[in-house]
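Note that this is a predicted model, so its numbers are computed, not measured. Atoms within a ligand are numbered from 1 in the order they appear, just like the ligands themselves.
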Amino acid sequence: MLYYSTNRKSPAVNFEEASIQGQAPDGGLYFPSALPEVEHALLKDIGSYSNAAIAYEIIKPYTGEMIDDTNLKRITEETVDFEIPLKQVKENIWALELFHGPTLAFKDIGARFMSRCLGYFLKNEQRQVTVLVATSGDTGGAVANGFFNVPNINVVILYPSGKVSQVQEKQLTTLGGNITAIEVDGSFDDCQHMVKSVFKNAERFPGLFLTSANSINVARWLPQQFYYFFAYKEWQDKTQPPVISVPSGNFGNICAGMLAARSGLPVDHFIAACNANDIIPHYLETDDYVVKRSVSTISNAMDVAEPSNFVRIMEMYHNETEKLRADLTALSVSDNETRNTIREVHNHYGYLLDPHGAVGYYALEKYLEDHRGKQGLIIETAHPVKFYDVVEPIINKAPTLPHQVSELMEKQKTTIMMEAKAEALFDYLLSF
Ligand SMILES: *Cc1c(COP(=O)(O)O)cnc(C)c1O
């Protein structure tokens, strides 16, 4: 399988090169040159497949000859070795819980897959690779955990001081070893700006082989298809496929779901559930793509102004917005609606949503009100405990801590403080 750049100026590359490069040199995103068809037998007998076996079947056409079967089996097994249950919340709504991994968010799946692929590609390299990434919260923890102790890889994570939740901070600052956390005296945008300047000036670091681990990397994007198939496996009524609502920020997750559907996974309709950052809902409604600055919300992992992966969705639909609208509805949900949803779903159904899942739930409920008789599921992207500062006052009680968190909170944080200047990061990397 080859991957071409959506900007069509850089040459097409194989999976190994696409995952080491991250973004194409022309600034585009890598996109598969052909969409594989899912085997009919897999869909028909999906109940008899393990999650690891499904993951292997789905990703194999994408990795092609770049990873041998034995290693691909090991990588997919390690990627999905925690439970991913589909829980019924009420008569027509289910939640696919993707938060039982080590850092309690769906990003564990993409980060675990990517780290193991890079580890495999680099195992015979003499040089060390430095993974440089900026995080607004969840990416940092998932990447740190995924790459911890992978030989030949050092990870440097920039995060905005005081602007991530306590759990998120512990997840990226307590591992040590090959993981370095840089605490930037500034915003997430500052962190991202610093990282981007390093990549723009890569020639100033001849001794470093730098790569990124953000969500546009194909090795993080493509494995996100797995759990849409896991959901289908658990889905009771196969004659009536689900409407799937995905809490969306950078649109990598929903784009993977739509890719799975293009490959043959039965899905009734997709909903991109956004918070107040509503460029895409506004675009699909009015045909006007109005660029705005990002605004802060209680579902902070989705505080993205311009979703990078939307170009991949347009690519899938050959830029035909009308066709896209037939498969995808986007809705913007306010913080108040999000809070009310957390409270009501908790009180009525005894199910505790995190703020991102609540955005997805609200959007799905609205859609189902207008489409009676349909059923749907939300992708529950994070554990509510990751956002207990938001959730606790709404339900008036503290969520129970899962073991991943109680052990973590005892650990010691280690960071390097840095002012929000690209030069400061340059100096640090040159002393590496
Ligand atoms: C990253 C994240 C999202 C947004 O996912 P995208 O793929 O960027 O759309 C949603 N919820 C949580 C909890 C996240 O960490």
Legend entry - Residue pair Ser161 / Asp185, side-chain donor-acceptor N/O under 3.5 Å: no
Inset, instruction - Look only at interatomic distance and state if Ala301 has a nitrogen or oxygen under 3.5 Å from any nitrogen or oxygen of ligand 1. - result: no
Legend entry - Ring centers of His282, Tyr289 separated by less than 6.0 Å: no
Legend entry - Asn250 N/O under 3.5 Å from ligand 1 N/O: yes
Legend entry - Enumerated ligand 1 atoms positioned under 4.0 Å from heavy atoms of Gly252: 6 (P), 7 (O), 9 (O)
Inset, instruction - Give the atoms of ligand 1, by number and element, whose distance to some non-hydrogen atom of Ala382 is under 4.0 Å. - result: 13 (C)
Inset, instruction - Check whether any N or O atom of His356, backbone or side chain, sits under 3.5 Å from an N or O atom of ligand 1, and answer yes or no. - result: no
Inset, instruction - Give the residue and atom name of whichever protein heavy atom lies nearest to atom 5 (O) of ligand 1, and the separation in Å to one decimal. - result: Phe106 CZ, 3.4 Å
Legend entry - Test item: Pro241 and Val267 side chains (from C-beta on) under 4.5 Å apart, heavy atoms: no
Inset, instruction - Consider every N or O of Ser248 and every N or O of ligand 1, then say whether any pair is closer than 3.5 Å. - result: no
Inset, instruction - Specify the protein heavy atom at minimum distance from atom 7 (O) of ligand 1: its residue, its atom name, and the distance to 0.1 Å. - result: Asn253 N, 2.9 Å
Inset, instruction - Might you confirm whether atom NZ of Lys90 has over 12 heavy atoms from other residues, nucleotides or ligands at distances under 6.0 Å? - result: yes
Legend entry - Lys292-Asn277 side chain donor-acceptor pair, cut-off 3.5 Å: no
Legend entry - Under 3.5 Å: N/O of Phe251 near N/O of ligand 1: yes
Inset, instruction - Verify the neighbour count for atom CD of Glu392: are there more than 12 heavy atoms of other residues, nucleotides or ligands below 6.0 Å? - result: yes
Legend entry - Distance-minimising heavy-atom pair for His346 and Leu352: CD2-CD1, 4.2 Å
Inset, instruction - Consider every N or O of Gln224 and every N or O of ligand 1, then say whether any pair is closer than 3.5 Å. - result: no
Inset, instruction - With heavy atoms of Met302 as the reference, note each atom of ligand 1 found under 4.0 Å away. - result: 10 (C)
Inset, instruction - State, without any angle test, whether Asp138 and Gln168 hold a side-chain donor-acceptor pair at a distance under 3.5 Å. - result: yes
Legend entry - Identity and distance of the protein heavy atom lying nearest atom 11 (N) of ligand 1: Thr381 OG1, 2.9 Å
Inset, instruction - For atom 1 (C) of ligand 1, find the nearest protein heavy atom and state the residue, atom name and distance (0.1 Å precision). - result: Lys107 NZ, 1.5 Å
Legend entry - N or O pair under 3.5 Å between Gly249 and ligand 1: yes
Inset, instruction - May I ask whether Pro247 has any heavy atom positioned less than 4.0 angstrom from an atom of ligand 1? - result: yes
Inset, instruction - Please work out whether the ring planes of His269 and His371 are parallel, tilted or perpendicular, with thresholds of 30° and 60°. - result: parallel
Legend entry - Other residues, nucleotides, ligands: >12 heavy atoms within 6.0 Å of Gln240 CD: yes
Inset, instruction - Of the side chain and backbone of Lys386, name the one, both, or neither that has a heavy atom under 4.0 Å from an atom of ligand 1. - result: neither
Inset, instruction - Run the numbers for me: atoms of ligand 1, each under 4.0 Å from some heavy atom of Asp138, listed by number. - result: 12 (C), 13 (C), 14 (C), 15 (O)
Legend entry - Modelled atom types, side-chain donor and acceptor of Asp108 and Thr103, under 3.5 Å: yes
